[in-house]
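The structure appears below as C-alpha cells.
Note that this is a predicted model, so its numbers are computed, not measured.
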Amino acid sequence: MNKISKPLLILFLAAIAIFFFFYGRYIPFHEQWPLYEALRTTASIIFGVMGAWIALIYPDTLAKILSKKHTNKTAEIQKVKRVLEPLVFSTFCVILVLTIGVFVPVLKQFSWIMEYVQIFRGISFGLLGMLTLAMGIELLKMLIPGLEIKQEFTAIKNKQEQLSKIQSRVQKQKSDE
C-alpha cells in the first residue's frame, strides 16, 4: 500500500467507526454479538486459508527467505508479505473478538458502565463496523495470491502452446523436405 492510500484508508475506517458509533448506540449488545461471531468465523477462515497458501503455494519462497545462501530476498519477501498481512489481521480479529466476549459480561456488572450503556454500545458497534470493513478488505487481499498463480499458469500454458506450434512447424518443414 502506498504512502497516500494508507492514511486515506485509516481516515475512511475512522469515518465508518464514527458513523456506526452514532447509529449503534441503540443496538443492544445481544444483537451485536452474532455479528462479532460472524467476524470471528470469517477471520478464522482467512487464517486457515492464508496458512494453507503459505504452506502449499510458497514453501520454496519461505525456504529462500530463511536460507543464508540466498542473497536477494526482496521479491520473495513481498510475495509472502501479501499473504501474511491478512493472516496477521485475522489473528488480531480473532483475539479481539475472544477478548470482547470474555470482558463484556464482566463489564456489565459495573454500575457506572450501565449508566453509560449507550456510549459503550456505540463504541462496540463502531468497532464492529470498522473491523467488518477491514475484514472485507482482507478478504479481497486473499484473492491476490490466487490471481497471481492463475497468471503464472496462463503464462506457462501460453509458452507451451507457442512451443508446440514451433515444434509442429519444424516437424512439418522436415517432412516437406
Side-chain angles (χ1 to χ4, degrees), residues 1-63 65-66 75-109 113 116-154:
M1 190 172 290
N2 62 36
K3 292 181 181 185
I4 295 173
S5 63
K6 198 167 194 172
L8 288 175
L9 178 63
I10 291 170
L11 184 65
F12 182 67
L13 289 174
I16 292 295
I18 292 168
F19 173 81
F20 281 114
F21 168 80
F22 283 108
Y23 290 99
R25 292 179 294 168
Y26 305 104
I27 300 172
F29 188 76
H30 72 272
E31 290 181 25
Q32 294 181 22
W33 184 245
L35 300 172
Y36 275 108
E37 288 178 331
L39 183 66
R40 181 185 63 206
T41 302
T42 304
S44 299
I45 292 168
I46 289 175
F47 183 85
V49 169
M50 288 315 195
W53 274 123
I54 291 171
L56 298 173
I57 307 299
Y58 296 123
D60 296 337
T61 305
L62 286 175
I65 291 171
L66 299 174
E76 285 83 9
I77 289 172
Q78 287 297 13
K79 279 184 182 179
V80 174
K81 188 177 178 182
R82 285 192 297 262
V83 176
L84 283 177
E85 286 176 2
L87 185 88
V88 169
F89 183 77
S90 64
T91 303
F92 168 75
C93 276
V94 169
I95 291 169
L96 190 61
V97 172
L98 289 173
T99 304
I100 289 169
V102 170
F103 279 103
V104 165
V106 173
L107 293 175
K108 284 183 175 182
Q109 296 179 24
I113 288 182
Y116 301 102
V117 72
Q118 286 184 342
I119 292 172
F120 286 104
R121 284 178 182 166
I123 291 169
S124 173
F125 205 70
L127 178 65
L128 181 62
M130 186 176 63
L131 287 174
T132 301
L133 181 65
M135 187 60 67
I137 292 168
E138 297 305 318
L139 280 167
L140 291 174
K141 285 182 180 180
M142 278 181 57
L143 296 174
I144 293 171
L147 293 173
E148 288 174 347
I149 291 169
K150 182 180 181 251
Q151 287 176 340
E152 288 178 25
F153 285 160
T154 302

For Gln118, all residues meeting side-chain hydrogen bond (donor to acceptor under 3.5 Å, both in side chains), sequence neighbours excluded: none
Partners meeting side-chain hydrogen bond (donor to acceptor under 3.5 Å, both in side chains) with Ser124 (sequence neighbours left out):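 If we apply the side-chain hydrogen bond (donor to acceptor under 3.5 Å, both in side chains) test to Ser124, skipping adjacent residues, the hits are Gln32, Tyr36.
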Smallest separation among heavy atoms of [X] and [Y], with atom names:
{"X": "Ile46", "Y": "Pro86", "answer": "CG2-O, 3.8 Å"}
{"X": "Phe21", "Y": "Ile119", "answer": "CE1-O, 3.5 Å"}
{"X": "Ile100", "Y": "Phe29", "answer": "CG2-CZ, 3.9 Å"}
{"X": "Pro105", "Y": "Val102", "answer": "CD-O, 3.5 Å"}

Reported CG-to-SG distance for the pair Leu98 and Cys93, which is rounded to 0.5 angstrom: 11.0 Å
Sequence-distant partners of Phe20, ring-ring contact (aromatic ring centres under 6.0 Å, His included), two or more places apart: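 So Phe20 forms a ring-ring contact (aromatic ring centres under 6.0 Å, His included) with Phe125.
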Pairs flagged by ring-ring contact (aromatic ring centres under 6.0 Å, His included) wherever residues 79-102 is involved - sequence neighbours left out: none
Would you be so kind as to tabulate the donor-acceptor pairs closer than 3.5 Å made by side chains of residues 129-139, with sequence neighbours excluded?
from	atom 1	to	atom 2	distance (Å)
Thr132	OG1	Leu128	O	2.7
Glu138	OE2	Lys141	NZ	3.4

Pairs touching residues 45-57 that satisfy salt bridge (charged side-chain N to carboxylate O under 4.0 Å, His left out), sequence neighbours left out: none
Partners passing side-chain contact (heavy atoms from CB on, under 4.5 Å) against [X] (at least two apart in sequence or in another chain):
{"X": "Tyr23", "answer": "Phe19"}
{"X": "Pro28", "answer": "His30, Glu31, Arg121"}
{"X": "Thr91", "answer": "Phe47, Ile95"}
{"X": "Leu84", "answer": "Ile54, Val80, Leu87"}

Check: Leu39 and Leu96 side chains under 4.5 Å, non-hydrogen atoms: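 A side-chain contact under 4.5 Å is absent here.
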